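The structure presented is a predicted model; accordingly, all values stated were derived computationally and were not measured.
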Amino acid sequence: MTKFLTSTALVLSLALPAMAQDYTPDPAAKAGGSITVTYKDDVATLDPAIGYDWQNWSMIKSLFDGLMDYVPGTTTLRPGLAESYEISADGMSFTFKLRPGVKFHNGREMTADDVKYSLDRVTNPATQSPGAGFFASIAGYDTVADGNGLSGVAVVDPLTVTITLSRPDATFLHVMALNFASVVPKEAVEAAGDDFGKQPVGTGAFKLAEWTLGQKLVFAKNPDYWRAGVPYLDQVVFEVGQEPVVALLRLQSGEVDVPGDGIPPAKFTEVMGDPAQAARVVVGGQLHTGYITLNVTLPPFDKVEVRQAVNMAINKDRIVQIINGRATPATQPLPPSMPGYTEGYAGYAYDVEGAKKLLADAGLADGFETELFVMNTDPNPRIAQAIQQDLAAIGIKASIQNLAQANVIEAGSAGTAPMIWSGGMGWIADFPDPSNFYGPVLGCAGAAAGGWNWSKFCDADLDAKATAADSLADPAKAAERLAMWSDVYMGVMEQAPWVPVFNEERYTMKSERMGGADALFVDPVSIPVNYDYVFVK
Amino acid sequence: MAGYILRRLIQSALILLGVAFVTFFLLFVLPADPVRQIAGRSATAETVENIRQQLGLDKPFLVQFFRYLGGLVQGDLGRSYLQKSEVSLLIASRLPATLLLMVAAIFCELAIGLSMGITAALRRDRFTDQALMLTSFVTVSAPQFVVSLLMLYVFAVKLGWFPIGGYGTFRHLVLPAITLGILGSGWYSRMMRSSMIDVMRTDYIRTARAKGLTRARVVLGHALPNAILPIIAMIGIDIGVFMGGIVVVESVFGWPGIGQLAWQAIQRIDIPIIMGVTLVSAAAIVLGNLLADLIVPFIDPRIRLR
């Protein structure tokens with residue numbers, strides 16, 4: 001983002017004491033035991049600066065900590081390695097007081113130098129972190145390529161670190177809770193070199209005890225963990241390379257506790273139809289939207305009527321049926337559980353005649369031919385066929401380009417794809433804040449060639465409004481900020497560069513012996529399960 | 001013989017060089033950007049370019065290729081773009097599982113395929129022959145995923161004779177090996193049948209019969225060694241199939257083979273891993289064929305290698 005709103009009097013000074021009671025532990029929780037979790041895909045890395053996959057995100061959360069964290073099972077921020085923090089009156093400087101006596105898995109005490117080292121490392125281009133961009137608001141980010149680190153991160157004393165921003169950023173505390181902001185010990189990173197991802201050392205609730213490449217990883221309880229009483233489990237075993245259908249069979253025979261890839265579509269009806277099994281399924285929302293992008297730079301999608309017509313032509317209920325009803329039809333880019341979601345907005349209703357009329361108004365009464373790009377794994381090709389049929393009903397002939405993920409992403413980034421169904425590559429929020437659904441996917445910054453904004457939609461007014469919203473760093477103005485974001489997304493819907501199709505729900509299955517509140521099994525941040533707080537009954 | 005082997009080894013090296021070039025070229029022209037996979041979805045154009053430079057992916061094709069080749073001749077397969085680990089280590093960690101399953105599966109294929117083929121040839125055009133050939137047709141056409149899952153469901157889940165997937169003990173090996181044996185036996189049985197039929201028509205078999213040898217001795221002592229020659233060549237090709245990975249069977253049985261590694265690398269355009277796996281499996285095909293050719297003279301003394 002290039003434009004900044006000169007910040008008006010942001011007068012605040014906030015000091016949070018150590019929050020002792022942010023989470024009430026389950027009185028029934030018992031320490032001990034081991035659980036087995038399976039995944040189909042192998043774990044690529046456990047380096048918090050690099051890992052950005054479905055599987056390793058929650059694993060890294062259990063091995064490492066950042067300055068900020070979330071209350072388990074919620075999207076509420078709480079201090080992590082920071083005991084407290086203060087925000088300067090202008091919202092441009094954050095001072096974090098670290099918890100004393102926190103030890104890395106190698107036994108050394110964590111200090112403010114480690115915090116600085118970790119932030120310098122993740123933003124250093126040589127690290128090749130996919131998360132580096134999240135830290136762009138820290139002063140000195142523009143010159144990290146020089147290798148001198150972030151000038152905005154200063155060590156005040158061994159337990160105090162101050163981070164100065166170059167622009168107000170209301171999401172900054174969320175950024176500090178991302179895995180990418182995890183604190184790592186310099187000596188362990190330097191000793192392991194590129195292999196740090198296979199030999200991780202953090203401050204987290206678990207430490208890596210064993211990794212047999214391509215087979216399994218064993219996490220052992222960190223007995224010196226700084227949060228008292230957790231984790232409950234002695235051990236978590238991750239078995240990789242397991243077909244989801246087989247993982248379910250193994251769960252039914254008591255060998256597996258959590259199938260990490262969820263319930264396979266082919267078995268969904270069977271599982272949910274059996275009361276004994278359905279009782280062990282936890283359903284929860286997730287910060288996800290599945291959408292169709294309409295490339296506003298390619299005719300005829302440059303006409304807003306055409307984009308609105310496509311929005312009205314898609315039968316979202318039928319698409320939800322295709323995925324066994326595991327979603328709710330979407331009305332707008334933000335999912336309902338995201339702050340800033342516009343309640344009461346109905347979106348574009350399914351209206352074939354209305355869509356035809358809009359097309360006729362745009363001078364395309366006879367329809368046109370176009371292409372729909374889709375990732376080639378189930379259920380996406382089936383969803384694409386439903387979209388194709390819906391479009392045919394208003395005279396649009398869409399041919400389906402069924403490709404591997406990387407090829408679809410390339411066509412989207414390069415701006416050569418007229419339409420893309422986002423399934424399999426869709427936007428799952430990095431953190432629970434409305435800004436995370438805008439910049440890279442709907443803002444001008446992502447619309448350049450190579451960006452993730454596949455509709456190449458760029459509206460300067462909306463961009464300015466988004467920047468203004470994110471400049472409201474004062475927590476007292478949070479409601480005002482969310483209202484501004486709501487306006488931004490309503491503006492997007494008017495111009496219709498996307499067809500929001502559905503918000504997927506999460507179905508996590510667990511074994512009989514697993515204990516812990518349901519919210520821990522559909523934790524919005526630790527997917528699929530918050531390993532630090534679940535237990536064996 | 002030594003000269004022959006040396007010549008074949010040189011040929012093999014040239015074939016591998018060709019394979020490396022073609023694969024590298026295909027990955028180069030592929031309409032997908034490995035850097036974008038590394039840089040993540042929020043990366044700026046600047047970050048993307050920076051990573052591209054670090055990996056040398058901004059260089060012209062030939063520069064990139066010779067740089068890769070330079071590492072290769074020193075035994076360096078490079079580091080994975082996404083895992084950052086050494087490719088040789090990633091492949092080596094999966095090689096024992098792949099080799100074990102390959103040997104066991106080929107054994108099963110041969111045991112099932114050859115006995116079917118021989119029986120069909122000896123009962124030519126009768127009901128047994130037709131039934132066996134129909135079976136072989138069914139097995140080669142059967143979808144791997146369904147057969148694997150069915151075997152697992154019946155023998156592991158329902159009967160409990162074997163573990164539900166995994167790797168480590170002999171009991172883990174049995175089901176995937178037999179499944180692959182069944183799936184691959186059809187090719188061998190068909191090949192064996194036609195080869196056997198040809199041999200049974202030859203003069204020396206008639207002579208053997210005329211001498212009054214038992215049927216078993218005619219078939220096993222005289223016909224089989226001659227009929228089996230084309231089968232040996234086929235094993236050489238089969239080795240390549242197994243080394244390239246049998247993704248579906250591996251993932252159903254939770255077998256940590258090379259196929260899963262390759263499949264995930266292809267999804268994410270992790271070029272060093274794709275190149276490494278391709279070269280290792282190509283080397284296995286080449287060496288497998290060489291070995292097959294070297295074995296033949298021991299079975300058929302009429303054949304000499306020059």
Side-chain angles (χ1 to χ4, degrees), chain A residues 38 40-45 47 50 52-53 125-126 128-134 136 145 193-198 212-216 239-243 245-247 249-250 252-253 255 403-411 413-414 425 427 430 439-441 445-446 448-452, chain B residues 30-34 36-51 53-55 79-86 89-90 92-94 97 145 148-149 152-153 156-157 160 163-168 248 250-258 260-261 264 266-270:
Chain A
T38 60
K40 183 175 194 312
D41 283 350
D42 198 0
V43 176
T45 175
D47 185 338
I50 310 285
Y52 206 9
D53 296 335
Q128 300 178 2
S129 168
F134 289 115
D194 280 343
D195 292 323
F196 184 67
K198 295 279 190 300
T212 314
L213 286 180
Q215 294 177 45
K216 67 171 182 180
E239 295 187 10
V240 295
Q242 306 262 329
E243 190 62 39
V245 179
V246 179
L249 290 173
R250 293 185 62 202
Q252 288 162 346
S253 73
E255 291 177 20
L403 302 170
Q405 187 192 55
N407 302 76
V408 180
I409 292 174
E410 184 67 17
S413 306
M425 308 157 292
W427 201 257
D430 300 295
V441 273
W452 205 275
Chain B
L30 194 73
D33 185 359
R36 192 133 281 284
Q37 296 281 320
I38 303 166
R41 54 192 197 179
S42 310
T44 59
E46 243 181 338
T47 313
V48 170
E49 278 322 299
N50 192 304
I51 295 175
Q53 269 175 27
Q54 286 183 47
L55 296 174
R79 276 184 184 263
S80 153
Y81 287 165
L82 294 155
Q83 304 203 27
K84 313 283 177 199
S85 307
E86 283 182 38
L89 211 72
L90 294 173
S93 71
R94 289 173 180 264
F145 187 76
S148 305
L149 211 55
L152 193 81
Y153 189 72
V157 178
I164 310 175
Y167 170 72
V248 174
E250 279 175 10
S251 74
V252 170
F253 289 102
W255 195 263
I258 213 161
Q260 291 189 345
L261 182 70
Q264 281 181 41
I266 292 166
Q267 295 294 308
R268 307 284 306 268
I269 333 269
D270 199 332

Give the intermediate values and the outcome of side-chain contact (heavy atoms from CB on, under 4.5 Å) for residues Ile50(A) and Phe196(A).
CA-CA 10 Å; Ile50(A) 310 285; Phe196(A) 184 67; over 6 Å; no

Please flag which part of Leu149(B) lies under 4.5 Å from any non-hydrogen atom of chain A: side chain, backbone, both or neither.
side chain

Go through the atoms of Ala406(A) and report whether side chain, backbone, both or neither lie under 4.5 Å from a heavy atom of chain B.
both

Do the non-hydrogen side-chain atoms of Arg79(B) and Asp195(A) ever get within less than 4.5 Å of each other?
yes

Is the shortest side-chain heavy-atom distance between Gln37(B) and Ile409(A) below 4.5 Å?
yes

If I measure from the heavy atoms of chain A, does Val48(B) come under 4.5 Å with its side chain, its backbone, both, or neither?
neither

Interface residue of largest heavy-atom contact number with chain B, from Lys198(A), Glu239(A), Gln252(A), under 4.5 Å:
Lys198(A)

Taking the side chain as everything from C-beta on, heavy atoms only, tell me whether Arg268(B) gets closer than 4.5 Å to Asp41(A).
no

Can you say whether Phe253(B) sits under 4.5 Å from chain A via the side chain, the backbone, both, or neither, judging by heavy atoms?
neither

Nearest non-hydrogen partners of Leu213(A) and Ser93(B), listed with the distance
CB-OG, 3.5 Å

Given a strict heavy-atom distance threshold of 4.5 Å, which part of Ile269(B) is in contact with chain A: side chain, backbone, both, or neither?
side chain

Relative to chain B, which segment of Asp47(A) carries a heavy atom at a distance below 4.5 Å: side chain, backbone, both, or neither?
neither

Identify the heavy atoms of Asp430(A) and Phe134(A) that sit nearest to each other, and give their distance.
OD2-CZ, 3.3 Å

Winner by heavy-atom pair count (cut-off under 4.5 Å) against chain A, out of Ile38(B), Thr47(B), Leu152(B):
Ile38(B)

Looking only at heavy atoms and a cut-off of under 4.5 Å, which of Ser251(B), Gly254(B), Pro256(B) has the most pairs with chain A?
Ser251(B)

Who pairs with Asp42(A) by salt bridge (charged side-chain N to carboxylate O under 4.0 Å, His left out), at least two apart in sequence or on another chain?
Arg94(B)

How far apart are the closest heavy atoms of Leu82(B) and Thr45(A), and which atoms are they?
O-CG2, 4.2 Å

Side chain, backbone, both or neither of Gln128(A) within contact of chain B (heavy atoms, under 4.5 Å):
both

Report which part of Asn50(B) has an atom under 4.5 Å of a heavy atom belonging to chain A: side chain, backbone, both, or neither.
side chain

Thr212(A) portion near chain B, given a 4.5 angstrom heavy-atom threshold
neither

Backbone N or O of Pro125(A) within a donor-acceptor pair of the Gln54(B) side chain at under 3.5 Å?
yes

Top contributor to chain B contacts, counting heavy-atom pairs under 4.5 Å, from Gly133(A), Ala44(A), Gly193(A):
Ala44(A)

Most contact-rich option vs chain B, by heavy-atom pairs under 4.5 angstrom, among Gln405(A), Lys216(A), Lys40(A), Arg250(A), is Arg250(A)

